[in-house]
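As structure tokens, the structure follows; a few thoughts come after it.
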Amino acid sequence: MEKILILDFGGQYNQLIARRVREAHVYCEVRPFTMTMEEIRAFDPQGIIFTGGPQSVYLPDSPTVDPAVFKLGVPVLGICYGCQLMAHLLGGKVTEAQEDSAREYGKTVTYFDTDLPLFQNTARKSITWMSHGDYMAKVPEGFRLVAHSDACPNVAIADVERRFYGVQFHPEVNHTEYGAQILQNFLYRVCGLHGQWTMGDFCKRTVAALREQVGDGRVLLALSGGVDSSVLAALFAEAVGKNLTCVFVDHGAMRKNEGDEVEEAFSKWNVNFVRVNAQERFLSKLAGVEDPQQKRRIIGAEFGYVFLDEAMKFGITDKDYFAQGTIYPDVIESGSGDAAVIKTHHNRALPPEVIEQFKGILEPLQLLFKDEVRQLGRELGLPEYLVMRQPFPGPGLAIRIMGEVTKEKLDTLREADFIFRDEIAKAHLEGTMSQYFAVLTNTRSVGVMGDGRTYDYTLALRSVTTSDFMTADWTRIPYEVLDKVSVRIVNEVRGINRIVYDITSKPPATIEWE
């Protein structure tokens, strides 16, 4: 089987590289940079990709690999930090950029040698996404410069004979105009692969692996009703059948009518479905808490304790498993390996005493992005309305309320969020955006209603368009739709007198506010 090995040096977009490789129908795995040469040889890759990372290659204790990797006779592509590491290990010199002009961040006009195999079928001038503060002062012997920008003469380097390539920019992100083509060129033109891997293959292998791992054991599955957990439920239903129990916890921070809708939808499935109403339990734990990280940890821990209580009711023991719909953005933003913690996702905060009650925690979606999860759902035969449902965070509206979470604030936000989604639906705009919601800020401002002074909350509206949820652009909602939303919310929802629209992309912002 064709295989690409991706060595992870701790960058935020590393798994996005894997996603692009899989889009080209080539199987790949992301492994830590600490992988030994014996392990690399055993993996038997047809190509290797070094990812980006936050370190500087010239500093002590910076992540590195055994230089013997360059003697395997397989192509190597270094991205950002990976490019600099390649140069560093093969005799070049990398230093901190001495001038601000040599540091590049964000969208950058870049010029390419398109005769090079790596850059064929791209434009000689295009936009790339840069994020580097170091500079290759000297490129290794045998390499030549094959791309430059106005500020940097060595945006890309190549040793065509040995099939070693390095790029300072990130071809994996959507902001790089020909990024997908560049990665495909590496796979097909440099590595000589053909693209034989599909989501159908992943589905069959995963079902078989889960069936073998679980055996006669049982699985307690955390079901939210969202895309990820729904696909997870379908996957386990295929793998273990009647040994699956899906537990839906209504923590009181769901959207309007959502708890009832989830129960109605899954009661029609041929699975054991249990709904737990735990609104008061979660609200009491969140009382007085304002810090978003603490909210997420509290909610994640309490989810665990609820699931543990349910496991005991059903007689589930340490011979059985717990399953949750963790996907890769959850993993990477929560801090994976050397990656920075952006925000702790609730399903990465299970208490140790909960985990130890099960034989294992199963997260078969943790290497997939949202669009890949949707593809998997289709492979499993899920209806399109469920597959294309917009994401909703596990902590729910609790992390869309700035400051302390109260029942009154939840009720206010529930109504405002419903109006926003209702007007989007009436305008038939759902297909133009990937996620959209309202945020109740902790800011109050002066307003006038009925000739009287008000001093109420400001509500923020947020909508983004994205395919992978690692990067996202804000949606250009028509002004007339925003106007209808604003008028309705201010008139129909008590406690809100000002509406603002968030026009920040990811990065620098995240999609959720907390």
Side-chain angles (χ1 to χ4, degrees), residues 203 206-207 210 214 218-241 243-251 253-255 258-278 282 296 299-300 302-304 306-308 310-311 316 321-331 333-334 345-350 354 358 360-399 434-435 469 512:
C203 183
T206 304
V207 167
L210 290 173
V214 174
R218 292 183 293 172
V219 176
L220 183 75
L221 186 144
L223 180 67
S224 70
V227 176
D228 305 330
S229 66
S230 297
V231 171
L232 186 74
L235 191 66
F236 274 97
E238 183 76 15
V240 304
N243 287 350
L244 171 67
T245 297
C246 298
V247 177
F248 165 59
V249 179
D250 187 342
H251 51 28
M254 307 295 288
R255 290 173 291 200
E258 191 155 31
D260 294 339
E261 291 171 358
V262 170
E263 182 173 9
E264 181 181 0
F266 285 92
S267 62
K268 299 174 183 177
W269 281 35
N270 189 27
V271 296
N272 298 322
F273 174 86
V274 178
R275 176 176 178 175
V276 181
N277 294 312
F282 278 84
R296 287 177 174 274
I299 292 169
E302 200 59 27
F303 264 128
V306 173
F307 291 130
L308 185 58
E310 294 303 307
I316 288 177
Y321 294 87
F322 179 76
Q324 57 183 0
T326 304
I327 65 174
Y328 195 72
D330 303 339
V331 176
E333 289 186 340
S334 298
H345 287 256
H346 72 286
N347 50 0
R348 309 303 290 177
L350 288 176
V354 173
F358 295 91
I361 307 297
L362 302 178
E363 298 176 312
L365 308 183
Q366 67 175 325
L367 291 181
L368 299 184
F369 286 87
K370 183 70 69 174
D371 60 325
E372 292 179 314
V373 174
R374 297 188 202 278
Q375 292 175 32
L376 179 58
R378 294 186 182 100
E379 289 287 339
L380 291 162
L382 289 180
E384 194 67 13
Y385 79 87
L386 195 54
V387 169
M388 289 308 297
R389 190 169 186 234
Q390 71 157 304
F392 185 62
L397 300 181
I399 56 166
S434 306
Q435 191 171 359
F469 289 85
E512 297 287 348

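The first residue in the sequence is number 1, and the count goes up from there.
Phe282 pairs by the ring pair (Phe, Tyr, Trp, His ring centres under 6.0 Å) definition with His251, Phe303, not counting sequence neighbours. Arg374 meets the side-chain contact (heavy atoms from CB on, under 4.5 Å) test with Val227, Lys370, Arg378, Val387, Met388, Pro391, Phe469; sequence neighbours excluded.
Scanning both residues, Thr206 and Pro364, for their nearest heavy atoms gives CG2-CB, 3.9 Å. Closest non-hydrogen pair, Ala239 versus Val207, comes out as CB-O, 3.8 Å. Here the closest heavy-atom approach between residue Pro393 and residue Ile399 is recorded as CB-CD1, 3.7 Å. When all heavy atoms are compared, the tightest approach of Ala222 to Ser229 is O-CB, 3.6 Å. Scanning all heavy atoms of the two residues, the minimum distance from Ile299 to Ala398 falls at CD1-CB, 3.7 Å.
Among Asp260, Val249, Val247, Leu223, the single residue meeting the side-chain contact (heavy atoms from CB on, under 4.5 Å) criterion with Arg275 is Asp260.
Listed for the Arg389 side chain is a donor-acceptor partner under 3.5 Å among the backbone atoms of Gly225. Panel note: side chain Ser224, backbone Gly394; no donor-acceptor pair is recorded below 3.5 Å.
How far CZ of Arg218 is from CZ of Phe236: 15.0 Å, rounded to the nearest 0.5 Å. With rounding to the nearest 0.5 angstrom, the CD1 atom of Ile327 is 8.5 Å from the CG atom of Leu368. One distance of note links CD of Gln324 with CG of Leu220; it measures 10.5 Å at 0.5 Å rounding.
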Glu261/Arg255 under side-chain contact (heavy atoms from CB on, under 4.5 Å): CA gap, chis, key distance, verdict: CA-CA 10 Å; Glu261 291 171 358; Arg255 290 173 291 200; over 6 Å; no
Could you walk me through whether Val262 and Glu258 pass the side-chain contact (heavy atoms from CB on, under 4.5 Å) test, one step at a time? CA-CA 6 Å; Val262 170; Glu258 191 155 31; 4.2 Å; yes
Query - side-chain contact (heavy atoms from CB on, under 4.5 Å) assessment of Val219 paired with Asn243 - result: CA-CA 6 Å; Val219 176; Asn243 287 350; over 6 Å; no
Run the numbers on Leu221 and Val271 for side-chain contact (heavy atoms from CB on, under 4.5 Å), then give the verdict. CA-CA 11 Å; Leu221 186 144; Val271 296; over 6 Å; no
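Looking only at side-chain heavy atoms (C-beta outward), Leu376 and Leu365 come within less than 4.5 Å of each other. Considering only heavy atoms from C-beta on, Leu235 comes within 4.5 Å of Leu380 through its side chain. Within the 4.5 Å cutoff, the side chain of Val274 has no heavy atoms near those of the Phe266 side chain.
No more than 12 heavy atoms of other residues, nucleotides or ligands shown are found within 6.0 angstrom of CD on Glu264.
Between Phe322 and Phe307, the distance separating the two ring centers is shorter than 6.0 angstrom.
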